[in-house]
Every structure is written in structure tokens, then in C-alpha cells.
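Predicted, not measured: the structure shown is a model, and the values here were computed from it.
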Amino acid sequence: MRTTTSRSLRIFTNSLIAGFTRPKSSTFYHQPFSALPTTTRLLLHSHIRKMASSTKHLILLKKPVKLACIQLASGADKFANLSHAADKVREAASGGANIVVLPECFNSPYGCDFFPSYAEQLLPSPPTAEQSPSFHALSTMARDNGIYLVGGSIPELAIEEGTEDKKTYYNTSLIFGPDGKLLASHRKVHLFDIDIPGKIKFKESDVLSPGNSVTLVDLPDYGRIAVAICYDIRFPELAMIAARKGCFALVYPGAFNTTTGPLHWRLQGQARAMDNQMYVALCSPARDLSAGYHAYGHSLIVDPMAQVLVEAEESETIVSAELDGAKIEEARSGIPLRDQRRFDIYPDVSQAKVSS
């Protein structure tokens with residue numbers, strides 16, 4: 001049987017099923033497939049499985065790459081934070097890291113009271129050094145060290161042209177290449193609005209607005225990664241879309257707190273890795289008990305079999321691991337979820353129209 005791509009397989013499968021189920025006078029939808037005779041359904045699935053077994057899958061990670069998460073200690077002085085981040089990025093790069101990740105809100109304290117005063121204008125891009133010192137600092141860090149840099153996140157100020165009094169704030173990650181050029185940016189899609197009685201109440205939406213895109217970043221030397229921020233990890237649809245769009249890693253700068261961190265930080269990292277059989281990196285600020293918000297710490301990197309490769313404790317440190325594309329293929333061949341999904345029963349979220 002000739003080899004086919006995953007996309008061709010989906011098209012074939014849907015058209016095959018549609019041929020049996022679509023009334024001539026109606027629009028096709030998945031549900032009637034379940035009403036087919038059992039023998040017909042078994043024959044269809046047998047043929048689909050045979051085609052899946054012959055599918056040629058793309059190599060997601062072109063060559064091994066060392067990824068480092070910097071669990072950074074930041075304070076109230078933005079320029080001191082940027083200088084300190086530059087020192088730690090240099091340290092990570094000198095240790096052999098090719099991809100370096102900073103934590104959420106690395107240039108400022110984390111909290112709704114701080115977002116407006118620390119926010120920087122990023123558009124139109126590139127901003128001036130006065131508009132965004134953090135943009136230029138990150139660009140320099142990436143260029144000077146010859147690395148791909150996921151610049152954690154910073155508070156962003158957006159002002160629509162002609163409406164100087166209308167200010168919108170975002171929690172935004174900037175990703176730079178080894179030449180110092182901006183590759184992509186991600187505005188936090190899901191805002192951290194929670195209320196756990198007696199434990200923690202936080203409402204980012206009091207100040208911030210949500211982004212509206214899935215952020216996929218092509219790293220020419222290695223492949224594609226997805227970047228999202230903190231609370232985004234609790235929504236598996238983003239990760240599923242990224243996985244099916246050919247990413248080898250999910251990267252989440254985040255700042256879970258000491259209530260939700262012990263409960264779900266590691267669990268979420270392992271869950272996204274297990275569901276999608278790819279690498280996951282979570283990068284937290286270091287814990288500062290003198291600050292108003294206590295970050296959990298515990299930056300970690302998880303492999304495609306959901307094994308934690310490395311995990312920090314609470315204080316400032318750098319954790320790193322080598323990512324190997326063979327491990328992704330090993331996981332996906334041994335437990336072939338990619339060939340066993342039942343899009344005749346549930347939709348493929350990656351086929352929906354998404355902004356990216």
C-alpha cells in the first residue's frame with residue numbers, strides 16, 4: 001500500500017465516511033457514522049488502521065537541542081531585572097543551551113497593581129528603546145549569545161492609533177532568534193481569574209485583556225515550538241492544536257502560586273506531555289516570600305513519555321535538558337495515539353479556524 005501523509009489520511013477517511021453517511025440533500029456531519037451497520041464500521045476502521053500503519057510521519061526535531069529554563073529572581077527595579085536576566089541568559093548559553101526560557105513577568109513584580117506601571121508599548125514593531133527597553137534587552141541577549149530566546153513575558157501596553165486615551169494591557173511573551181530578530185509574540189489567551197476560598201483570589205481580567213491566537217514559532221535550526229503563558233496550560237486545546245501542527249515542544253513561562261503549584265504545576269506539565277507525546281517546559285520565577293505574590297518555583301522539563309527530566313526547587317537556578325527527536329518518535333510509535341484518534345466520533349480541534 002502506498003505511503004500517505006496524515007493530512008491525506010484524514011481527507012480520505014472523512015470522504016470515505018461521508019460517502020456512506022451523507023444524505024444527498026444535507027450537509028455532512030459526523031454523528032450519522034455511529035448509525036452505520038456494525039460490519040460496515042468495522043471494515044472502515046480496519047482500512048483506516050491499515051492506512052495509518054503505513055503513514056510516513058514527519059521528523060519534528062531535526063537534531064538534538066539543549067533547552068534551559070531560568071528560574072529568575074526579580075524585584076521592583078526593571079532595569080536591574082533586565083541586567084540580571086542578561087547575566088543568567090549568558091550563563092545558560094555558556095552551559096550549552098541553544099534554547100533559553102525566562103519566566104512569566106520576569107522584568108517586574110507579578111500582580112494587577114503592577115501591570116500598568118511596568119507595561120511597555122510593543123507595536124508598531126520594532127518599538128523604540130524608550131517604548132520598550134525589555135524588547136531591546138531580550139533582542140540583545142539572543143544575539144549576543146547566539147540562542148533562541150523565549151523571553152518569558154512582560155506587561156504590554158497597546159494604544160490604538162488616534163485613541164491615545166484608550167489603553168489596553170496584555171501579558172505578552174516575545175521570542176527572538178540567534179540574530180536578535182523577533183520571531184513571534186504570544187499574548188496570554190486565558191486570563192488568570194480564580195477564587196479558592198480561604199486560599200487565593202486573583203483576577204487578571206481586572207487589568208489585562210486576552211490574546212486571541214495560538215502561537216507557533218519556527219526555529220529554522222531545529223523545528224517548531226509552541227509558546228503559551230501560565231494559565232494557558234490548563235486548556236489542553238491549545239496544546240493539541242500545537243501538537244498536530246508539528247511542534248516538538250510546548251513552552252510555558254508561568255507563575256503558579258504556592259496554592260495551585262503543589263496541586264497542579266507538575267501534573268499539568270506531565271499531562272500536556274502525555275496527551276501530546278512531546279516535550280514540555282515550564283519556567284517559573286524564583287519564590288520570593290517578601291513579595292505580594294509567592295511564585296511556586298519548580299521549573300521543569302518533561303519528556304514525551306511524561307517523565308520529568310529535571311525539576312528545580314524554589315530558589316533561583318537554571319535547569320536544562322537535551323531534547324531528542326528520536327524520543328518523540330519512540331513515544332508515538334510505541335503508543336500510537338496519532339493513528340488511533342476517532343475523528344468520526346469527536347472533532348479534531350486542530351482543523352478549526354484558528355489565529356496564529
Side-chain angles (χ1 to χ4, degrees), residues 61 65-72 74 81-82 84-86 88-93 95-108 120 122 125 132 134-156 170-189 211 213-233 238-239 242 247-255 269 272-273 278-285 299-302 310 312 318-323 356:
L61 178 53
V65 60
K66 188 172 184 179
L67 183 147
C69 294
I70 299 176
Q71 187 161 288
L72 194 70
S74 298
N81 293 337
L82 294 176
H84 185 48
K88 301 306 287 185
V89 167
R90 189 178 307 112
E91 181 181 339
N98 314 104
I99 303 171
V100 177
V101 186
L102 288 166
E104 182 179 21
C105 287
F106 81 95
N107 71 341
S108 67
E120 301 179 10
L122 299 175
S125 186
S132 183
S134 299
F135 179 101
H136 289 274
L138 290 168
S139 173
T140 300
M141 292 179 216
R143 185 186 65 246
D144 286 355
N145 294 286
I147 57 165
Y148 292 99
L149 180 60
V150 179
S153 78
I154 66 172
E156 176 193 356
Y170 299 96
N171 188 345
T172 302
S173 181
L174 301 170
I175 303 94
F176 292 87
D179 57 0
K181 292 183 179 179
L182 182 69
L183 297 177
S185 62
H186 175 78
R187 288 171 170 169
K188 190 174 188 177
V189 172
S213 66
V214 178
T215 301
L216 311 179
V217 190
D218 288 316
L219 313 183
D221 298 311
Y222 301 105
R224 177 178 288 179
I225 64 171
V227 176
I229 299 173
C230 200
Y231 201 56
D232 285 338
I233 198 173
L238 280 183
C247 294
F248 67 82
L250 303 167
V251 179
Y252 296 94
R272 298 294 80 78
M278 60 197 297
Y279 287 97
V280 174
L282 278 63
C283 187
S284 170
S299 299
L300 53 85
I301 302 170
V302 188
V310 62
I318 299 172
V319 294
S320 61
E322 187 167 282
L323 316 187
S356 62

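Between F248 and I99 the shortest heavy-atom distance is CZ-CD1, 4.2 Å. In terms of heavy-atom proximity, A92 sits nearest to I318 at N-CD1, 4.0 Å. Across every non-hydrogen atom of L323 and L61, the tightest pair is O-CD2, 3.4 Å. Residues L138 and G151 come closest through the heavy atom pair CD2-CA, 3.9 Å. Across S213 and V189, no two heavy atoms sit closer than the pair O-CG2, 3.4 Å. Annotation for V310 and S320: closest pair CG1-O, 3.7 Å, computed over non-hydrogen atoms.
With sequence neighbours left out, Q71 forms a side-chain hydrogen bond (donor to acceptor under 3.5 Å, both in side chains) with S299. In this structure, S74 has no side-chain hydrogen bond (donor to acceptor under 3.5 Å, both in side chains) partners at least two apart in sequence or on a different chain. Residues passing the side-chain hydrogen bond (donor to acceptor under 3.5 Å, both in side chains) test with H84, sequence neighbours excluded: E316. Residues forming a salt bridge (charged side-chain N to carboxylate O under 4.0 Å, His left out) with D221 (at least two apart in sequence, or on another chain): none. Partners of Y279 according to the ring-ring contact (aromatic ring centres under 6.0 Å, His included) rule, which considers only residues two or more places apart in sequence or in another chain, do not exist here. Applying the salt bridge (charged side-chain N to carboxylate O under 4.0 Å, His left out) rule to K88 yields the partners E91; only residues at least two apart in sequence or on another chain are considered. Residues passing the side-chain contact (heavy atoms from CB on, under 4.5 Å) test with P103 are L72, F106, C283, P285, sequence neighbours excluded. The side-chain hydrogen bond (donor to acceptor under 3.5 Å, both in side chains) search around S284 returns none, not counting sequence neighbours. Residues forming a side-chain contact (heavy atoms from CB on, under 4.5 Å) with C247 (at least two apart in sequence, or on another chain): L216, R224, A226, A242, M278. Remark: R143 pairs with no residue by the salt bridge (charged side-chain N to carboxylate O under 4.0 Å, His left out) rule, at least two apart or across chains.
Using a 4.5 Å heavy-atom cutoff, the side chains of L82 and S134 are in contact. The closest side-chain heavy-atom distance from C69 to I301 is below 4.5 Å. Annotation: side chain of V280 is in contact with side chain of Y252 (closest heavy-atom distance under 4.5 Å). Counting heavy atoms from C-beta outward, V101 and I70 have side chains that stay 4.5 Å or more apart. In this structure, the side chains of R187 and N171 stay at 4.5 Å or more apart for every pair of heavy atoms. Put simply, the side chain of V89 reaches to within 4.5 Å of the side chain of L102, judged on heavy atoms. Side chains of N107 and E120 form a contact here, defined as non-hydrogen atoms less than 4.5 Å apart. Taking 4.5 Å as the limit, some side-chain heavy atom of I233 sits within range of a side-chain heavy atom of L282.
Side chains of S153 and E104: no donor on one and acceptor on the other come within 3.5 Å.
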Go through N98 and I147 one step at a time and tell me if the side-chain contact (heavy atoms from CB on, under 4.5 Å) criterion holds. CA-CA 5 Å; N98 314 104; I147 57 165; 5.7 Å; no
Carefully, step by step, assess Y170 and K188 under the rule side-chain contact (heavy atoms from CB on, under 4.5 Å). CA-CA 7 Å; Y170 299 96; K188 190 174 188 177; over 6 Å; no
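Side-chain N or O atoms of D232 include none that pairs as donor or acceptor with a backbone N or O of A228 at under 3.5 Å. A donor-acceptor pair under 3.5 Å is formed between the side chain of T140 and the backbone N or O of H136.
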Which donor-acceptor pairs under 3.5 Å do the side chains of residues 172-183 make with protein atoms, sequence neighbours left out?
residue : atom : partner : partner atom : Å
T172    : OG1  : E156    : OE1          : 2.6
S173    : OG   : G152    : O            : 2.7
D179    : OD1  : K181    : N            : 3.0

